[in-house]
Amino acid sequence: MDENFQEYGHKLVTWYRQNRRDLPWRRTCDVYAIWVSETMLQQTRVETVIPYYLRFLSAFPGVADLAKASEEQVLKHWQGLGYYRRAKNLHLAAKQVCQEWGGDFPKTRDGWLQLAGVGDYTAGAVLSIAMGQPEPAIDGNVLRVMSRLLCIREPVRNTNVVRRIRKLLEYWLTNDVPSDVTQSIMELGAIVCTPRSPQCLLCPLAEGCRAKREGCAAELPVKVAKAARKKMLVSALWLEHAGQLLIEQRPEEGLLGGMWQLPSLSEERTEDGGSELPSALRLAESLMERLVAGSLLADEISESPQPYLVPVATEKHVFTHLEWEVHVCRPVGLALEKLFGQSQKRMELMIWVPVEDWDKYAWPRVYEKILEKLLSERVNI
DNA sequence: AAATCGGGGCG
DNA sequence: CGCCCAGATTT
């Protein structure tokens, strides 16, 4: 290390002890609770996590409570938080801990890395914050703070850049309380060394910050461009009969795995598509055909007058790597009681549920919005 | 190394 | 509207 970067660890920890926010997971030393918080905080803002964290720990106070819960319960408590595989992995890992290790958490980095959903960051975070070990935890905050302090102009995710940052971090960790070292950098990144318009005037490291000296703090860190988002057209059906609504569960793997939605079909949207509603209606028709065929009623339906579809709601939703335009349609002129009678058996992953019970299931945000909108309109009528 | 995987807040 | 957030996992 060319300059005296070693001593900045002390300055940062001193600053942290005087300026740290009062956060729920900073009021506990419980390894389980801190592990839950770190999992929820992956790619998710502190303010978003707080209510989820409190509810989750209230529902599952210890790792044994989580291990014996059902996956539906766990998903329901994660509803709206996103990246739902985190919830499944957390649940799975809790079972691992209880069944294979008698409820005792690992005490080494390699042990933690064996748990589902625990990667390099989370292992280091739990070990340093909850277990007092000098293990580095490198997240987006750390990369940003360090890239500015050292004025690193290469892409910050570059392997040897991360290696360099890790070395400095390891040094700091051996000279202070590990929990405070880890949290001090993240805290600085969260409230001072922010992604845009960093507050260098408030920074305890301003004196030694190379980026500040060179006037490029706001331009760092350098990141590589991401791929463009795909646009998808999604058609969903409102199928209601005798107070029952047809809903379907998404496949366990992949996008929104295991979550519930209105029966839906999607296709990639090409730019030359023109008007969206006609395309959405065609998509909805093919979904209706599939449902009718699946209910073994093809003959009877084909005899009855051709049903037509009425659009009742539309909603756009943006994910990290794709974009949905959801159109909800309701069939008119279809003998739904025939479909209902047959599909009581259960068609693939679809079930009829009382309309008022819809909120007992875990819905993706976009479908939750649609359901709330449609049901509130109904109450007003 | 690049893609996949949510949702929301902020400039 | 684009960017980013206490990342992990798969390809």
Side-chain angles (χ1 to χ4, degrees), chain A residues 16 20-21 23-26 34-53 75 78-90 92-93 112-130 136-145 155-159 162 169 179 181-191 193-198 218-230 232 250-259 261 315-324 362-369:
Chain A
Y16 170 69
R20 58 181 244 169
R21 293 168 292 176
L23 302 174
W25 43 90
R26 287 183 177 162
I34 291 173
W35 171 47
V36 170
S37 78
E38 290 301 339
T39 304
M40 288 186 168
L41 285 162
Q42 290 167 12
Q43 295 294 286
T44 310
R45 298 172 184 284
V46 166
E47 313 83 68
T48 305
V49 166
I50 290 175
Y52 282 91
Y53 170 84
L75 259 188
W78 210 272
Q79 175 181 335
L81 197 54
Y83 286 151
Y84 300 98
R85 195 169 55 178
R86 293 183 296 177
K88 297 179 181 184
N89 281 337
L90 192 67
L92 186 61
W112 275 97
L113 289 175
Q114 288 174 27
L115 291 178
V118 176
D120 192 56
Y121 165 76
T122 305
V126 175
L127 282 165
S128 62
I129 295 173
I138 300 177
D139 72 333
N141 287 308
V142 174
L143 293 178
R144 183 172 59 257
V145 170
V156 71
R157 300 280 177 177
N158 186 313
T159 307
V162 174
L169 210 49
S179 173
V181 173
T182 292
Q183 294 191 76
S184 67
I185 309 176
M186 296 195 290
E187 190 73 351
L188 188 76
I191 66 183
C193 196
T194 49
R196 284 165 299 190
S197 56
E219 275 71 65
L220 298 178
V222 174
K223 299 195 172 180
V224 297
K226 304 167 197 168
R229 270 196 297 266
K230 284 183 185 174
M232 305 289 291
R250 297 179 60 86
E252 285 300 326
E253 302 299 319
L255 182 68
L256 302 167
M259 308 279 287
Q261 62 184 16
E315 190 76 32
K316 287 191 178 182
H317 193 76
V318 179
F319 299 91
T320 301
H321 63 295
L322 54 88
E323 195 172 324
W324 277 5
W363 296 79
R365 194 71 184 94
V366 59
Y367 282 98
E368 186 185 30
K369 283 183 185 172

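Chain letters run A, B, ... following the sequence lines, proteins first and then strands; every chain starts at 1.
Nucleotide C:dA8 holds its P atom 12 Å from the CH2 atom of A:W112, rounded to whole Å. Distance A:L220 CG to C:dC4 P: 12 Å, rounded to the nearest Å. The OH atom of A:Y121 sits 14 Å away from the P atom of C:dT9 (whole-angstrom rounding). Rounded to a whole Å, the NZ atom of A:K226 is 12 Å from the P atom of C:dG2. Per the geometry, CG belonging to A:D139 stands 5 Å off C1' belonging to C:dA6, to the nearest Å.
Here, C:dC3 and B:dG6 have their C1' atoms 15 Å apart, quoted to the whole Å. The separation of B:dG8 from C:dT9, taken at their C1' atoms, amounts to 23 Å, rounded to a whole angstrom. Comparing C:dA6 with B:dT4, their P atoms sit 24 Å apart, to the nearest whole Å.
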Summary of protein contacts for nucleotides 4-11 of chain B, nucleotide by nucleotide, where a base hit scores B, a sugar-phosphate-only hit scores S (4.0 Å, heavy atoms)
SBBBBBB-

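For the 3.5 Å distance criterion, the side chains of A:E38 and A:Y121 qualify, holding a donor opposite an acceptor. A donor atom on one side chain and an acceptor atom on the other are not found under 3.5 Å apart for A:R86 and A:N89. In the model, A:Q183 has a side-chain atom that pairs as donor or acceptor with a side-chain atom of A:R26 under 3.5 Å.
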Does A:W78 form a ring-ring contact (aromatic ring centres under 6.0 Å, His included) with A:Y52? I'd like the steps, not just the answer.
CA-CA 7 Å; A:W78 210 272; A:Y52 282 91; 7.7 Å; no

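Side-chain N or O atoms of A:T194 include none that pairs as donor or acceptor with a backbone N or O of A:A190 at under 3.5 Å. No side-chain donor-acceptor contact under 3.5 Å links A:R144 to the backbone of A:L220. Of the possible donor and acceptor atoms, none in the side chain of A:T48 sits under 3.5 Å from a partner among the backbone N and O of A:T44.
Take the nearest nucleotide of DNA chain C for A:G119 and for A:K223: the residue whose nucleotide is more 5' is A:K223. Of the two residues contacting DNA chain C, namely A:A116 and A:R144, the nearest-nucleotide position lying further toward the 5' end is that of A:R144.
Look at A:E253 and A:K88 and you find no salt bridge, because none of the NZ, NE, NH1 or NH2 atoms lies under 4.0 Å from a carboxylate O.
Residue-level contact check: A:V118 touches the backbone only, with heavy atoms under 4.0 Å from sugar-phosphate atoms and none from bases. A:I138 comes within contact range of no nucleotide atom at all, as no heavy-atom separation falls under 4.0 Å. Counting non-hydrogen atoms under 4.0 angstrom, A:W25 reaches a base of the nucleic acid.
Remark: DNA chain B takes part in the stems B:1-5 with C:7-11, B:7-11 with C:1-5, each of 3 or more antiparallel Watson-Crick or G-U pairs, criterion distances under 3.5 Å.
For A:T159, a side-chain nitrogen or oxygen approaches OP1 or OP2 of B:dA1 to under 4.0 Å.
Between A:F319 and A:H321, a ring centre-to-centre spacing not shorter than 6.0 Å is recorded.
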